[in-house]
> 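Take a look at the following structure, please.
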Protein chains: 2
Amino acid sequence: METKAKRILIADDEPDILEIISYNLGKEGYEVYTAKDGNEALERAKQLNPDLIILDIMMPYKTGIEVCRILRTQPIFEQTLIIFLTALNDESSHIKGFETGADDYVTKPISPKILISRVNALFRRIQKEDGKILKIGNIVIDPIKYTVVVNENEAILAKKEFELLFLLASKPGRVFLRNEILSQVWGTSVIVGDRTIDVHIRKIRQKLGIDCITTVKGVGYKFDI
Amino acid sequence: METKAKRILIADDEPDILEIISYNLGKEGYEVYTAKDGNEALERAKQLNPDLIILDIMMPYKTGIEVCRILRTQPIFEQTLIIFLTALNDESSHIKGFETGADDYVTKPISPKILISRVNALFRRIQKEDGKILKIGNIVIDPIKYTVVVNENEAILAKKEFELLFLLASKPGRVFLRNEILSQVWGTSVIVGDRTIDVHIRKIRQKLGIDCITTVKGVGYKFDI
DNA sequence: TTGTGGACTTAACAATTACATAATGTTAAA
DNA sequence: TTTAACATTATGTAATTGTTAAGTCCACAA
């Protein structure tokens, strides 16, 4: 199964470090973006919705830890991977780092090789525990908590609505035939009319507020950003 | 193109169900094996490396979901198809099912007919999913997403238009007679006039923006770059 | 029990779209 | 030039989907 390039945001106030890391991660096939201080990091994170954020701890305006704490209060970033860059023997900061919800930390001076292997490891780990939370664009679907978050706002879906959305979003872009939808969401022994699907689709569109479900006339529906 | 018999493993603690399903799938030409609980399912899966595993959710020792989760951690079973059998209104289980990586689920009580059609559909889908995306020159036709991309731009085709284009593009260069087109796209029981094809061809040409369908006067049409 | 509210389904109608065909224009071979 | 074959355009209709409101069912509380 092919996945599209992971997006990484790096925040550090030293241009040299930004460049070295960018270059190396870029070479690995990641899509890399940068920020030069805490405020810019927050801003760009909201724009880009990256899969991983690498934060230097010592940065102007806001430290990495502050940035992390702010991000973690928002549902879209709940799942986002965060790695801290810390000075070698700043013991206290890496403890604080884990407390605020970091996924890993790397000590300076940075070896590109090590950083890359840590980043790869992190993504591999996530892929394994995957299947839990779907994250497509700025939509987060959590089947455990039964919640859908769109642009920071939580939409409250009823059960059938949620299951339908979850099905479509589980394979973005793929068209689901009406039959498939019926058998997957309603089961084979339940018979409901065709309008029922439409009505649920409408409610989902209405509640999410954005247009992410496309009708393919005569065929079915698909989830698309 | 002939393929060898697909291997199916069925795990359920009710012997009657095992027998009914085995009998019916066997009749369809599948190679069928059985297991009567979760542990046996795991064991036999490793021995047999089946193409499809049908798991009852409620089983002694290990539930179907547990079996699935264990299998999915192993690379050999990453691609194996898995279908769950669930009680009709066990709400939570089918979402959990998809989470752990099921490909489909069927509700009990089981109708052999329905199960067979789902199994067949799954194998067909798999066959489709890899390699059915047509790429000719700078045109990409994806029958799963129902999209046509020409030079990075997506063209939106209606159902008949899409089916017609897909037919022609499936064998680039080959001329399709009008009769062939009619029977493949419209079916044998529907009768439409000859002009109908022309009109659809025109719309496709218009929507794609490029000239990729060649008229062979007195014969038919062909797809060409 | 009765009442209330939400989830789900359905019916009825509106809106949209796909489709087939008719009518007419264009092309190319004879 | 004639003519058969195809292209083009316009249009009515049938099929499909969108929308709204109302009804049913069920859970839960008073």
Side-chain angles (χ1 to χ4, degrees), chain A residues 146-148 155-168 175-187 189-224, chain B residues 88-92 94-95 146-148 155-168 175-224:
Chain A
Y146 242 81
T147 57
V148 179
I156 293 164
L157 300 193
K159 191 163 53 210
K160 279 267 149 37
E161 291 158 16
F162 187 89
E163 287 173 5
L164 177 47
L165 176 64
F166 188 78
L167 175 67
L168 296 182
V175 177
F176 287 83
L177 312 182
R178 293 180 101 91
N179 282 340
E180 287 181 285
I181 295 175
L182 284 177
S183 62
Q184 303 268 31
V185 176
W186 276 266
S189 34
V190 185
I191 296 161
V192 291
D194 255 14
R195 290 281 80 32
T196 301
I197 296 179
D198 305 16
V199 172
H200 280 92
I201 293 280
R202 173 174 153 65
K203 297 216 89 179
I204 295 170
R205 283 174 171 158
Q206 196 174 290
K207 285 183 177 179
L208 296 197
I210 57 174
D211 190 24
C212 58
I213 297 178
T214 309
T215 305
V216 183
K217 239 191 159 168
V219 187
Y221 293 94
K222 65 177 171 178
F223 185 93
D224 248 332
Chain B
L88 178 55
N89 31 11
D90 184 356
E91 310 274 332
S92 59
H94 88 252
I95 284 199
Y146 239 84
T147 56
V148 179
I156 293 164
L157 301 194
K159 196 168 118 186
K160 281 266 153 29
E161 291 158 16
F162 187 90
E163 287 171 358
L164 177 46
L165 175 64
F166 189 77
L167 175 66
L168 297 182
V175 180
F176 286 84
L177 311 181
R178 296 181 99 91
N179 281 339
E180 287 181 286
I181 294 174
L182 285 177
S183 63
Q184 299 271 0
V185 177
W186 275 266
T188 44
S189 47
V190 185
I191 298 161
V192 292
D194 256 15
R195 286 300 115 262
T196 300
I197 297 179
D198 305 15
V199 173
H200 279 96
I201 293 282
R202 171 173 155 65
K203 294 220 88 177
I204 295 170
R205 284 172 171 158
Q206 193 175 292
K207 285 183 176 178
L208 297 198
I210 58 175
D211 190 25
C212 58
I213 296 177
T214 310
T215 305
V216 183
K217 237 186 161 172
V219 188
Y221 294 93
K222 66 175 173 176
F223 186 93
D224 252 332

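In what follows, every chain begins at residue 1, and chains take the letters A, B, ... in the order their sequences are listed.
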> Does a side-chain N or O from A:T215 land closer than 4.0 Å to OP1 or OP2 of D:dG18, or not?
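The answer is yes; a side-chain N or O of A:T215 sits under 4.0 Å from OP1 or OP2.
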> Map B:Q206 and B:G220 onto DNA chain D by nearest heavy atom, then report which one ends up closer to the 5' terminus.
B:G220
> Between A:K203 (NZ) and C:dT9 (P), how many Å, whole number?
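One finds 12 Å between P of C:dT9 and NZ of A:K203, rounded.
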> Locate the shortest heavy-atom distance separating A:F176 from A:L167; write the atom from each residue and the value.
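What the structure gives for the nearest pair is CZ-O, 3.5 Å.
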> For residues B:L164 and B:Y221, determine if any side-chain heavy atom of one lies less than 4.5 Å from a side-chain heavy atom of the other.
no
> For the NZ atom on A:K203, are there more than 12 heavy atoms of other groups (residues, nucleotides or ligands in this structure) within a distance under 6.0 Å?
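It does not: A:K203 NZ has 12 such atoms or fewer within range.
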> Using atom NZ of B:K207 as one end and atom P of C:dT17 as the other, report the distance to the nearest whole Å.
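B:K207 atom NZ is separated from C:dT17 atom P by 11 Å.
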> Between C1' on D:dT17 and CD1 on A:I204, what's the gap in Å once rounded to a whole number?
15 Å
> Below 4.5 Å, heavy atoms only, C-beta onward: do A:F223 and A:L165 meet side chain to side chain?
yes
> Does B:W186 place a side-chain N or O at less than 4.0 Å from the phosphate oxygens OP1/OP2 of C:dC19?
no
> Examine C:dA20: is either OP1 or OP2 under 4.0 Å from a nitrogen or oxygen in the side chain of B:H200? Give yes or no.
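For C:dA20, OP1 or OP2 has a side-chain N or O of B:H200 closer than 4.0 Å.
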> To the nearest angstrom, how far is A:I201 atom CD1 from C:dA15 atom C1'?
18 Å
> Heavy atoms under 4.0 Å, any strand shown: does A:T196 hit a base, just sugar-phosphate, or nothing?
base
> Could you state the atom-to-atom distance from CD1 of A:I197 to C1' of D:dT19 in whole Å?
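In whole Å, D:dT19 C1' and A:I197 CD1 are 16 Å from each other.
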> Just say parallel, tilted or perpendicular for the rings of A:F162 and A:Y146, cut-offs at 30° and 60°.
parallel
> Which sits closer to the 5' end of DNA chain D, A:D198 or B:D194, going by the nucleotide each is nearest to?
B:D194
> Please enumerate all protein N or O atoms sitting under 3.5 Å from an N or O of nucleotides 21-25 of chain D, with distances to 0.1 Å.
none

> Taking only side-chain nitrogens and oxygens of A:R178, does any of them come within less than 4.0 Å of OP1 or OP2 of D:dT16?
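No.
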> Contact class for B:K217 (heavy atom, under 4.0 Å): base, sugar-phosphate, or nothing?
base
> At under 4.0 Å, does any side-chain N or O of B:R202 touch on OP1 or OP2 of D:dC6?
no
> Below 4.0 angstrom from OP1 or OP2 of D:dT16, is there any side-chain N or O of A:Y221?
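Checking D:dT16 against A:Y221, no side-chain N or O comes under 4.0 Å of OP1 or OP2.
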> How long is the line joining CD1 of B:I213 and C1' of D:dC6, in whole Å?
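About 14 Å, once rounded to whole Å.
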> Are the side chain of A:K217 and the backbone N or O of B:A158 linked by a donor-acceptor pair below 3.5 Å?
no
> Rounded to whole Å, how long is the line connecting atom CZ of B:R195 with atom P of D:dG12?
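These atoms are roughly 21 Å apart.
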> When the distance from CG of B:L164 to C1' of C:dA20 is rounded to whole Å, what number comes out?
14 Å
> Using a heavy-atom cut-off of under 4.0 Å over every strand shown, decide if B:F162 touches base, sugar-phosphate, or nothing.
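B:F162: no heavy atom of the nucleic acid under 4.0 Å.
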> For the side chain of B:K160 and the backbone of B:V185, is there at least one donor-acceptor N/O pair under 3.5 Å apart?
no
> Measuring from atom CD1 of A:I181 to atom CG of A:L168, what distance do you get when rounded to the nearest 0.5 angstrom?
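If I round to the nearest 0.5 Å, the distance is 5.5 Å.
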